[in-house]
Each structure stands twice: as structure tokens, then as C-alpha cells.
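Each remark here refers to the structure printed beneath this line.
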Amino acid sequence: MIRIKDLSIQLAGFSLDDINLNILDGEFFALMGPTGAGKTLLLEAIAGLIKPRRGKIEIDGKDVTYLPPEKRKIGIVYQDYALFPHLTVLENIRYGLHFHKIKKDEEKKRLNYLADQLKIRPILERYPENLSGGEKQRVALARALIINPKLLLLDEPLSALDPVFREEMKKELKEVHKSHKITFLMVSHDFSDVLSLAGKGAIMNQGRIEQIGDISEIFQKPISHFVADFVGMKNLFKVSFKETKAIINDAIEVETGKTLKNSYGYLAIRPEDIVISKEKLTSSMRNNFKGVVKNILNHGFYHELHIEVEKIIFKALVTKNSIIELRLEKGTTVYLSFKAASIHIL
Amino acid sequence: MIRIKDLSIQLAGFSLDDINLNILDGEFFALMGPTGAGKTLLLEAIAGLIKPRRGKIEIDGKDVTYLPPEKRKIGIVYQDYALFPHLTVLENIRYGLHFHKIKKDEEKKRLNYLADQLKIRPILERYPENLSGGEKQRVALARALIINPKLLLLDEPLSALDPVFREEMKKELKEVHKSHKITFLMVSHDFSDVLSLAGKGAIMNQGRIEQIGDISEIFQKPISHFVADFVGMKNLFKVSFKETKAIINDAIEVETGKTLKNSYGYLAIRPEDIVISKEKLTSSMRNNFKGVVKNILNHGFYHELHIEVEKIIFKALVTKNSIIELRLEKGTTVYLSFKAASIHIL
Amino acid sequence: MKRKKEIFYLVSLISGILIMFFILLPLIKMITQPSISSLKEAIKDKEVIKAISLSLYASGMAALISLIIGTPFAFLLARKDFIGKRFIESVIDLPIVIPHPVVGIAILSVVGKNYWLGEFLYKMGIKVMGSVTGIITVLTFVGMPFYINSVKDGFLSISPRIENISRTLGASMTQTFFRITLPLALKSMLVGIIMCIARAISEFGAVVIVAYHPMVAPVLIYERFEAYGLKYSQPVAVLLIIVCLILFFILRIISLTKKEKAL
Amino acid sequence: MKRKKEIFYLVSLISGILIMFFILLPLIKMITQPSISSLKEAIKDKEVIKAISLSLYASGMAALISLIIGTPFAFLLARKDFIGKRFIESVIDLPIVIPHPVVGIAILSVVGKNYWLGEFLYKMGIKVMGSVTGIITVLTFVGMPFYINSVKDGFLSISPRIENISRTLGASMTQTFFRITLPLALKSMLVGIIMCIARAISEFGAVVIVAYHPMVAPVLIYERFEAYGLKYSQPVAVLLIIVCLILFFILRIISLTKKEKAL
């Protein structure tokens, strides 16, 4: 288990403040946040490459805060791969073996296993400059994995790849994580990568962790305005509360299903949680509003509807088929419904 | 109308070969392809910044092949924005006006319109180095639009933006295209951008155009193996033909609905065109196969199913809800169905 | 492990201190050795003032010549690819590696009366050997490569895309050069001018061959050293070094602010 | 519009041709002026061979000293940020801008017997003035900045991420330096050595003050010019220039292949 306690780092013009993070063994943990949030810096601090000003890093209960990087057994794969340009692929992968007492047999076994798993056997004799992006990625992974690290740090591992290879690499990462049983900590700012790879995660902003938890929880229950905005919670309204109801703009009463203590706050609903129908639905959904379609944005696989209810715009995602079946166009009157459980109070 | 005829360019280590392209007035045209396909080079040739070795470029019937760029009235917005760093935002935008005889009134009108439409009024006095990515993008757009170009070239306009701003900018681009009635030619390698913005497009590979047509046609009816692979046509099988049937691996007979002349070829089906059910469907779909779920990949908003039918893996996309409703897991027996019309023969 | 790291740093630290002493000690010693009164005397010495003025004038002229004919050439080298470009870039660097007295001898080789150029100059009434013209020629020869290289790098650091944009907005190539490229290259031009002057002002070996008289400052220092010894040459050397240090600090300030902007 | 473009190119082309002639004409003329027999004579002249050999030996020693104490310092400058770093980088560049005779005078200022260092050296039996030791000291002073700057740039061009990776794979800082950093910086070190030698071999003004004898090649050329005139100095100049050109071409080849790899 990786335990980070009150970690603070001070660099020229940048700082990390009081980072607290626990990552369980074998977990695939995602670190998200906008550019400049300090994600890469945190990775480098965990690897021991940057000295913290304060705080503690523990691996399996052992304090490693002042251990040099070569003693930590933490692998790192950078976005730009950082292969050793003067060494062949084979030499790159074998590099870490020099510094660890491993039996020749075991060395061979690991090498063969990785060469096959990551499909790099045909390129072992090549130099990094002659490799494609995907091949470099694989070599960087193999190089980090050969010393059996306790933790593998991945710095935006997919962002430099063409979309075609991206899907493939994503699958491969998932397989590697499964088969090697290593804890993964991945930095990413692509939601679809995170959604399909990671179980738990954290959102960083300006050197601080804003939210931490299950990925689905972060996406469905953002605890701050920033997180809601960052994960694409497109329906975000300032509301006043009255018993179990949240009132938007003194006009729309939303049933939240729970009694609220504050008198003011924010209410958020994910656009995909809003159901659209032509007739008023008789269902378990407690919130039903009548509105008019103001705009339809084509996002390819899905469409974004802007629906005006009492001068408030709700955004909903629907499939192309729904657009056709419900014959939706600008000006159509529709009903929008959502469960009390889909509502997030911030 | 932009008409490009047999355009060839020879540069050190790179070439464009016999490019033919017609773009109608007011169209939003997308140029896709992997890195290094020659997309940016083609843009620069159209703008007159690179001299072609052979071929012709016509704008509204006028041959502009040997016209210098300053005489073409073609705007360009680069991926890195290329703002003039020594000029303020206002001076950047006004720059093009010096070289066109435009009345003072008209100048003011255009400037005001663009400042409002692109929301740059508050930053007019700032220098480019103090702008965010999204602001730079807007300024670069305004600078290009102020001279009312006949054609606006966009070189991966969204790729350098954070995902949060990306959606917003996409919307803005769409609006600008609509309101200015200018022909847009956009280079991109992001499918979702292309799908939501462009009407027509072309796929480039290694200096050549592979396919050209309606975006939906390119995605649904790729004419080559490369295009099918590039646009993510995940079900691609080598088949032999027999009357109206295509036979995969001597085992699966697929009804294509039309008589085929060749004896061998490729068959492709988009994963979202495959319908999954627990019981055999009695519907208009002519192809029904029984298979076993081998793998379920979580892509966030949707899941990718790998279904084995007679040792052949079909890939299908389904929503999270379907997974839950149909209680799908590894080993579940399911039926997969698809229309003859969803089949693409390459 | 910790010890290893310390040894590694220790080695680089010790070598750093050694190098700092090696460079600074002689300079500080030389500057502090002459008495204030001897420095005052040197400032009042008309021969000294004349020599330093001539050094500044001739170096300034060399920089001006470099500016005028070097700038367009540097732009050509930065923007166009052509056969033999590498050879031409090598030729520009040649004056940097040629031993200084050889530079003087090479220049004298073409201005002698037994060569067409020398004869032409003679008929025009232009004297090179032992004249200010000769000094400027020599200083331009040794200083110009620094100007051209600095300005070329400046042009190279300007993205051609910025010039492309200017073209598509309606500016011709010349208009683009004067409105976009030149303003953006201004700092590298300033750096180039100062580097050119600094190199020219310190030249001795080539000047002493082409023109012992009129005396530039380095020649005067040499003459005083040969004729009267170390003590009498030091005050003049200190004055000249102050001029050089002023140039050097201006250069540092300009190039540092430039780097910071690039960050 | 087309005409404007041509004028723009014409100006840069003409200035380019002018500059090429200005640099090449004197050098070509000087090389071709001496007869083959006078060159043969120069090669047989023991004094000439001795001077060129001394030049090469002293420059080589200067490069060796720079390599040994300059490399760790350059690494420190490339990898660590500390207060006063800019000042230290400025100090390293100082020898480049100091007028050459002033360098000689500054070095003599600290090795005189009236200064502790000079006295210490005298007691150790080390003579600086008029000795090979003095020559090497001078050439190291003028050559080392070129070595340090080149190697520092070489280290800077190596991504610290590559070193980070090496550390996480189990290599200590010292192991990382010798297995990763040094092999990757090898070319910039070679370039630095050659630049240092090239700068050292061409020095005249500083050497002539510290050690007229034993004569390095540039001093010999100067002496022959002063004593016998242009014609007698040319053959020695040609021989020295050939040595310099060889160094120069090696430098070009190394740095060009380096650039190509970076592409």
C-alpha cells in the first residue's frame, strides 16, 4: 500500500500543498486535473526524484520519504517515453537488471515474458529513434516492468499516440495491470481513458487534491464546483433549499429526496441522467418538467439537447436514434425527467 | 468553390501526390489522417505558402496556383495559433486591415462584431504571452476572419486545448462557420471533433487522398482497408463470396443482400451496428448468430463486447444499461444480429 | 549511497571553485594592483584616451558594417535552404578559428600593390596598411561572424508560421520582414552588435600586423608592456577592461531578459 | 509584387556574395601566394616545426585540463539551480571578451614574486613567465570557456527525465552519470575539445606577453613578419592555417552529424 501524508513541495513558481493519498495494492489509480495542476510533480515526488519540503511517503508501511529513487523500486513511464537513445531496445529493457541481483534464469524468463506480452521481440535490436510511438511506449513499459516494481507511475501514457493505436494500447495497459499485479498510478486528462482503465482516482487543481474516491463517484458526485465543471457536469444551478426541495431561480422546484440544512447551494445533474420523452412519463422519476428544445448540437455518436424550462436551460444527451424516433427539432415541446438520486448537491 | 487538380508537391523527404479536391462554397470540410500524412502541407499549399511542383489550385474558377499568399484572401489558423508576440490582441486582429482597402466605418463594424462574437473585448490590450490557450485560439480566429477570407484553413484547431475548453470552442467554431458563411477546411485527427463539425471530408495517408465524401459515408462505407482501420471499423474479416453470401472462415455465412462478382474480399461491420439480445430476435435483420461473450471492455460511457461465433470474434458496442439489463458477463450466451445494409464490402 | 552522491557533488564543486579562482584571481589582482593615482594619470594621458577612442570607433564601425550587410544575409541563411548552404555557414565561421596574426597577414595579402585589389585601392587613394581603414577592415573580419550567427539564430527562433500568417493577411514578403520579422529579431540584433564590438575591441594580433599605428588600445598596452614593463601597462589595461566589462554587462542583461521571455 | 520579392532576395544575395568574398579572398590569396618551394622550405625549417608542435602541445594540454576540471563543473551548471548561478556563468564567459594582451597582463599580475601565488610557485620551482607552463596557463584561460559552454549545452540537451528513469531502475547518481549522461554528451565534449584547441592555437596577444619564448606558431609568424616582411611570414601562416582548417573541418563534421541526429 502507498500512503502519502501531508506531502508539500515548494519549487520555483510552483507548489504542492498537503497531499494525502492512499493507494491499495494492485489498484489502478488515476490522477486527473488540468494542465499545471501538479500531477507530474507528484509522480516525481513519489518516485523520489524531487525532495519534499514536508510530509511523508510510505510504501507497505515503510517510510521511504528520504530514500533515493534507486532504492524505491518504483517504475515510471513518461509521456515522451524517455528511452535511452544510445542503447538498443534490448539494452534499454535490460538496463535495470544490472542494479538488481537477479539470477540469470529469472532474467531470461522475465525478458521472454515481456517481449512476448508486449510484442517487442521483432524490434529488440533496433534503436529508439527508429521506433513508432506505440513501439516506444511498449519498450518504456517493458523497461519499467522488468525489475518488478511495487508501483508503476504512468505520466499521460496514451496522450502522444494516434487514436488508432490508443485503443490498442489501452487494452494492453489493462492486460499488463491484470497480469503483473502491480499497483498503477496514472496521470491523465482524458476522461475516456480514465473511465475505461482506473478504479479509483483523484482530481487535482493548483497543487491540491480536490476530490478522491471511486472514479464513478467522482464523475457522479463531484464535491466542488471545480470538479463538477472539470468532469463535464453540464447542468449546474445555484439554488435555494426549502425542506427536501431545491428551488432554481425561484421558479423550478426540484425534489431532492432528502432534507437539506443549508439555505443556499449548488445543484448538479449529469446530462446523460436526464430522460427525454414526448408525453409526460408515469414512472418512478420524481422530477418532471415541460420544456422546449432550443438547440441540438451534434457530437457524432450522441447529440446534446438544450431544453428551456422556465427560462432555465437544461442540457441532456441523447442518441441519434432518439432524435429520429422522437422527431426532435428546435421548438419541439418535450418532457424531461430525472431521478432524485441523480441530483448532486454541492 | 475551391478546386484542386492533380496537385503534387516535392519537399525534402516528403511529397504530396496528385491531390484532387473540390470544396463547395460555405462547406465545413474535414481533412483527416495519421500524423505525417501531409495534411498541414496541403493546407500551406492551398494558402500559397508552398509552391507546388505540378497541378492547379482554383478559387471561384480563377487559377491562383502562382498567386502569392497575400493575394489569395485565404485565412489560416495554426494549431499553435502563431500570434504576433510583439503586438497586442487588438493590433494582432487589426494587422490584416493595413493591407486591404477597407473604409474606417466598415473596419470598426467588423472589429466590434468579432470582439463580441468571440468574447475578446476584455483582453484587447493584452499581449499574447498573457493569454490562455482558448483566448489565443479566439484571437487567431478573429485575426483571420477580419479580412473576410473566402476560405479559412484550420490546422488541428482544438488539439492544443484542455478537454473542458474543447467542447466550448467546438461550439464556437460551429457558430462562426454558420454566421460568417465562409468555407472552412479543417485538419484534425480527432473523430469526435470531425463528426460534430464537418459535413464532408477526406482521409489522407502518406501524401495521398484515400477517400473523399460525406463524413457519414466515410465512417460507414470505408473504401479501403486503411480507411476502415483508421475510422475504427473494428469488425473486418477476409471473406469468400458465394452468390449473395459472404463466408467468413468457411464457417459463418453472412447475407449481404446483393450479388457479388469477386470471389474474395473484405467484409466490415461497425461495432455499434451489431444488436445484442438474449433470445433470438424475430425482426427484419437477416443475420443472426449465436455466440459467447469472451470479454467486456469498459470504455466509460459504453462497453465493448467481444463475442465469439465459430471461433471468430465480433466486436459490439453497448451501453452500460444494456450490460445490466441483459445481465451480460464473460461466458454468457447471446445472439448478435445485424442488417444486410450495415455490411460493407471492401 | 548518500556518500556516493556527496562525492559526486564534491568533485564538481571543487572543480567549480578552482575554475572561478583561475578566472577571477588574475583579473581582480590586475584591477586592484595599480594605484588610484596611476589610474588617474592614465585617464589624463592623451595617448591612452586616443587609443581607447580609436578602439571604440573602429569596433563600432565594424558592427555598423556587419549590421548593414550581415542582416539580409543572415535572414537568407535562416529562411532558405540551398545547395552549399553548409559550406557557406562554415566559411562564415572561418575568421573565428584563424590565428590572429594570420588574419592580418591574409588581409595584407590582398591589399598589396602587386594584386589587382591593392592596386585598385591605391589608385582610389585608399590606404589600408597603417590606417584607420585597415583597422576597421580587420575588426570587421573578426567581428562579423559573431553578428551574423547571433542574428541568424534570432531569425531561426521566429516561427516561419508567424510570417506565413502575415502573408495570408495581405502583407508582402518585404512588408512581413519589416513589420514582423525585424521587430521580433531586434534583441538578437542588439546581442549580435555587442558581441561583434566586444570581439573587435579585444583584437590585437591581427591589428598589430595591419596597423601598428594609429594605435588601438590593445596595441598601446602591448607597447607599454614591452617598453616599460608590467607596472606601466596595467593602468591602461584596467581602463580597457572597464570598457569591455560595461559592454559585457549590457550583453548579459539583454540576453538574459531575452531568455526569460522565452520561458 | 513579384518584383518586390526579387529586390528583397537580390539585396540578401548581394550582401551574401560580398561577405563571402570579404572572408575568402584574403585567405585564398594568402594560401596561393607563397610558391611551393617556399612552403617546402618552411616544412623543413626546424624552428617552424618546433613552433607548430608547441602550439599543438600547449593547446592540447589546455583542452585536457578543461576536460578534467571543466566537465563536472559543466554538469553542475546544467543540472542544478542555485543562487548566483547567472553570475558564475557570466564569469566563465569573461575570458572571451577580455582584450588579448590584457589577459596576458592579468596572468602576469598574479605570478609575480610580489604576490603570494607567484612566491609559492617560485618556491615550488615553477616558472610561468617565458615558459611552456605559462603558455599552457594562458591557453587554458582563453580556451576553457568554449569547452565548458559546449559541454554544458550538451548536458542541457539531455532530458533530465532520461536520468530520472535510470535512477528509478536502480542506478545511483554516479552510475547514471557514467552509463547514461556521459555517453550521450560525448559528442558535445568532442566539439568542446576541438573548439578549445582551435581557440587556444590561434591566441597571440596573451601569449606574446607571458612568453615570447619558447615561440608558439602565431608568435613566430609575427616575428618573421616584423623582421623579414610579409613574404617570409606567409609560408608559416599557411602551414598554421592548414592545421586550423583540419581542426575546423573535424569540428564541422562532428557538429553537423550531431544536428542531423537531432532532426
Q | Contact origin within D:Leu25 toward chain C - heavy atom pairs under 4.5 Å | A | both
Q | Heavy-atom pairs under 4.5 Å with chain D, option from C:Val111, C:Leu24, C:Ile201, C:Val238 with the top count | A | C:Leu24
Q: Pick whichever of C:Leu77, C:Val219, C:Val236, C:Leu108 has the most heavy-atom pairs under 4.5 Å with chain D.
A: C:Leu108
Q. Which atom names give the shortest non-hydrogen contact between C:Ser109 and D:Gln234, and what distance separates them?
A. OG-NE2, 2.9 Å
Q. So what's closer than 4.5 Å to chain C heavy atoms on D:Phe249: side chain, backbone, both or neither?
A. neither
Q: Would you mind checking which part of C:Phe141 comes under 4.5 Å of any heavy atom in chain D, side chain (CB onward), backbone (N, CA, C, O), both or neither?
A: both
Q: Heavy-atom distances under 4.5 Å only: say whether D:Thr71 touches chain C with side chain, backbone, both or neither.
A: neither
Q: Just say parallel, tilted or perpendicular for the rings of D:His100 and C:His100, cut-offs at 30° and 60°.
A: parallel
Q: Calculate, to the nearest 0.5 Å, the distance between atoms CG and CD1 belonging to D:Leu18 and C:Ile65 respectively.
A: 11.0 Å
Q. OH of D:Tyr232: more than 12 outside heavy atoms within 6.0 angstrom?
A. no
Q) Would you call the rings of C:Phe204 and D:Phe204 parallel, tilted or perpendicular if under 30° counts as parallel and over 60° as perpendicular? A) parallel
Q. Who wins among C:Asp93, C:Ile96, C:Ile17, C:Ile14 for the most heavy-atom pairs under 4.5 Å with chain D?
A. C:Asp93
**Q.** Contacting moiety of C:Met195, where chain D heavy atoms sit under 4.5 Å
**A.** neither
Q | Inter-residue atom distance D:Ser15.OG - C:Ile69.CD1, 0.5 Å rounding | A | 7.0 Å
Q) Out of curiosity, D:Ile19 CD1 to C:Ile92 CD1, how far, rounded to the nearest 0.5 Å? A) 6.5 Å
Q. What residue, out of C:Val208, C:Ile23, C:Ile148, has the most heavy-atom pairs lying under 4.5 Å from chain D?
A. C:Ile23
**Q.** Best-contacting candidate, C:Ile98, C:Leu245, C:Ile107, C:Leu13, against chain D by heavy atom pairs under 4.5 angstrom
**A.** C:Ile98
(Q) Is C:Leu117 close to chain D through its backbone or its side chain, or both, or neither, when contacts mean heavy atoms under 4.5 Å? (A) side chain
Q: Return the option, out of C:Phe177, C:Tyr222, C:Tyr212, C:Phe248, with the maximum number of heavy-atom pairs under 4.5 Å with chain D.
A: C:Phe248
